[in-house]
Amino acid sequence: MEEEPMWRELTTGIYDGVGFREPVTSAEFDRAEQLLEESIPVELKELLSETDGITGHTGTNVVWPLERIIKDNQKFRRDRSFADLYMPFDPLLFFGDNGGGDHFAFVMQPVKPDIFVWQHESDSRKWVASDLQDYLERCLVQGGDDWYENY
């Protein structure tokens, strides 16, 4: 019997209702990194190599598909109206959300494994997890879309 990939095994062990998609190819990663003009964090790349995103409780996009990662990060970095409203987004790489407007991101400048939440109403950026695994364990076990409010 074939061994189940690590990220799928981890997430289904936390929440058995997690949703998966087809894996991302190396050509798709190359294109994404060119468009984003930076490397995708290793942990995120490994996860996306197993499933192009993860849905959690209530269908929330805990980890976005690669195309959404590209599209949303380009929008946040380039949209002039955001520049007038919010602090710069260049140091962040958004990869998921809570379904209510708050977004989760890796810190890319300087590169860190930590996960932060960007709270859209206050433009605050708050630490919520030490790495991608910690993030998945926290958000999938909690079951609520505002699990990070307790950290």
Side-chain angles (χ1 to χ4, degrees), residues 2-79 82 86 89-109 111-121 124-151:
E2 190 174 309
E3 186 176 319
E4 192 170 320
M6 185 197 100
W7 291 103
R8 286 179 179 241
E9 182 180 341
L10 172 78
T11 54
T12 54
I14 301 166
Y15 169 56
D16 63 5
V18 71
F20 300 113
R21 298 179 182 91
E22 289 298 312
V24 173
T25 67
S26 60
E28 290 170 317
F29 281 125
D30 291 343
R31 177 182 164 273
E33 289 177 338
Q34 283 182 322
L35 291 170
L36 293 169
E37 298 178 356
E38 66 187 346
S39 296
I40 295 169
V42 172
E43 283 185 315
L44 182 58
K45 204 170 192 177
E46 290 171 352
L47 182 145
L48 294 171
S49 294
E50 294 180 22
T51 176
D52 189 13
I54 292 178
T55 54
H57 302 274
T58 67
T60 303
N61 286 305
V62 173
V63 177
W64 295 335
L66 184 60
E67 281 304 313
R68 181 161 178 201
I69 292 171
I70 296 166
K71 184 181 125 238
D72 281 26
N73 280 282
Q74 287 179 325
K75 179 180 178 181
F76 277 95
R77 294 172 184 176
R78 295 177 182 167
D79 189 320
F82 287 168
Y86 306 115
F89 293 111
D90 292 341
L92 303 174
L93 180 71
F94 293 110
F95 69 87
D97 66 79
N98 75 330
D102 292 341
H103 291 49
F104 299 97
F106 283 94
V107 176
M108 301 301 289
Q109 297 172 13
V111 176
K112 300 177 103 174
D114 297 280
I115 307 297
F116 283 74
V117 62
W118 169 65
Q119 295 174 300
H120 70 287
E121 291 177 353
S124 67
R125 291 109 197 267
K126 182 174 93 170
W127 180 93
V128 293
S130 60
D131 58 20
L132 187 58
Q133 180 174 336
D134 186 29
Y135 163 78
L136 291 169
E137 289 171 350
R138 290 172 190 249
C139 70
L140 292 174
V141 79
Q142 296 294 330
D145 295 336
D146 61 353
W147 60 270
Y148 53 90
E149 294 292 340
N150 300 322
Y151 296 97

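Since we're looking at a predicted model, the values are computed, not measured. Numbers for residues simply follow the sequence, beginning at 1.
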Using the test side chain to side chain contact (heavy atoms under 4.5 Å, CB included), find all partners of [X] that sit at least two apart in sequence or belong to another chain.
X: D131; result: E43, P113, Q133, D134
X: L35; result: R31, I70, Q74
X: F94; result: W64, N73, F76, F89, L92, H103, A105, W118
X: F116; result: V107, D114, W127

Would you say that [X] contacts [Y] through its side chain, given a criterion of any heavy-atom pair below 4.5 Å between the two side chains?
X: M108; Y: S39; answer: no
X: I54; Y: W7; answer: no
X: E22; Y: D52; answer: no
X: N98; Y: V117; answer: no
X: N61; Y: T55; answer: yes
X: P41; Y: L132; answer: no

Could you tell me which residues satisfy salt bridge (charged side-chain N to carboxylate O under 4.0 Å, His left out) with [X], sequence neighbours excluded, listed by chain and number?
X: R21; answer: none
X: K45; answer: E33
X: R68; answer: D72, D97

- Derivation and outcome, side chain to side chain contact (heavy atoms under 4.5 Å, CB included), residues L66 and I40: CA-CA 10 Å; L66 184 60; I40 295 169; 3.8 Å; yes
- Message: Looking at D16, I want to see if its CG is surrounded by more than 12 non-hydrogen atoms of other residues, nucleotides or ligands under 6.0 Å.
- Response: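 12 or below, so no.
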- Item | Member of R125, E149, K126 meeting the side chain to side chain donor-acceptor pair (under 3.5 Å) criterion with Q119 |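 For Q119, the side chain to side chain donor-acceptor pair (under 3.5 Å) check succeeds only for E149.
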- From F95 CZ over to I69 CD1, what is the distance, rounded to the nearest 0.5 angstrom?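 Between F95 CZ and I69 CD1, I get 8.0 Å after rounding to 0.5 Å.
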- Taking 4.0 angstrom as the limit, do E37 and R77 come out as a salt bridge?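 Here E37 does not pair with R77 in a salt bridge, since their nearest N and O are not under 4.0 Å apart.
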Counterpart residues, side chain to side chain donor-acceptor pair (under 3.5 Å), relative to [X] (two or more places apart):
X: D102; answer: H120, Y148
X: S49; answer: none
X: T60; answer: T58, D145
X: K112; answer: none

- Would you please test T51 and T11 for side chain to side chain contact (heavy atoms under 4.5 Å, CB included) and show each step? CA-CA 11 Å; T51 176; T11 54; over 6 Å; no
- With side chain to side chain contact (heavy atoms under 4.5 Å, CB included) as the test, would you mind laying out the steps for L48 and V63 before giving the verdict? CA-CA 9 Å; L48 294 171; V63 177; 4.2 Å; yes
- Item | Least distance between heavy atoms, V62 atom then C139 atom |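 Nearest pair, atom of V62 first, then C139: CG1-SG, 3.3 Å.
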- Message: Quick check: closest heavy atoms across Q109 and D90, and the distance to 0.1 Å?
- Response: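 Closest approach of Q109 to D90: NE2-O, 3.5 Å.
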- Message: Checking F29 now: which residues fulfil ring-ring contact (aromatic ring centres under 6.0 Å, His included) with it, not counting sequence neighbours?
- Response: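 ring-ring contact (aromatic ring centres under 6.0 Å, His included) list for F29, sorted by chain: empty.
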- Item | Stepwise side chain to side chain contact (heavy atoms under 4.5 Å, CB included) check, E50 with E9 | CA-CA 10 Å; E50 294 180 22; E9 182 180 341; over 6 Å; no
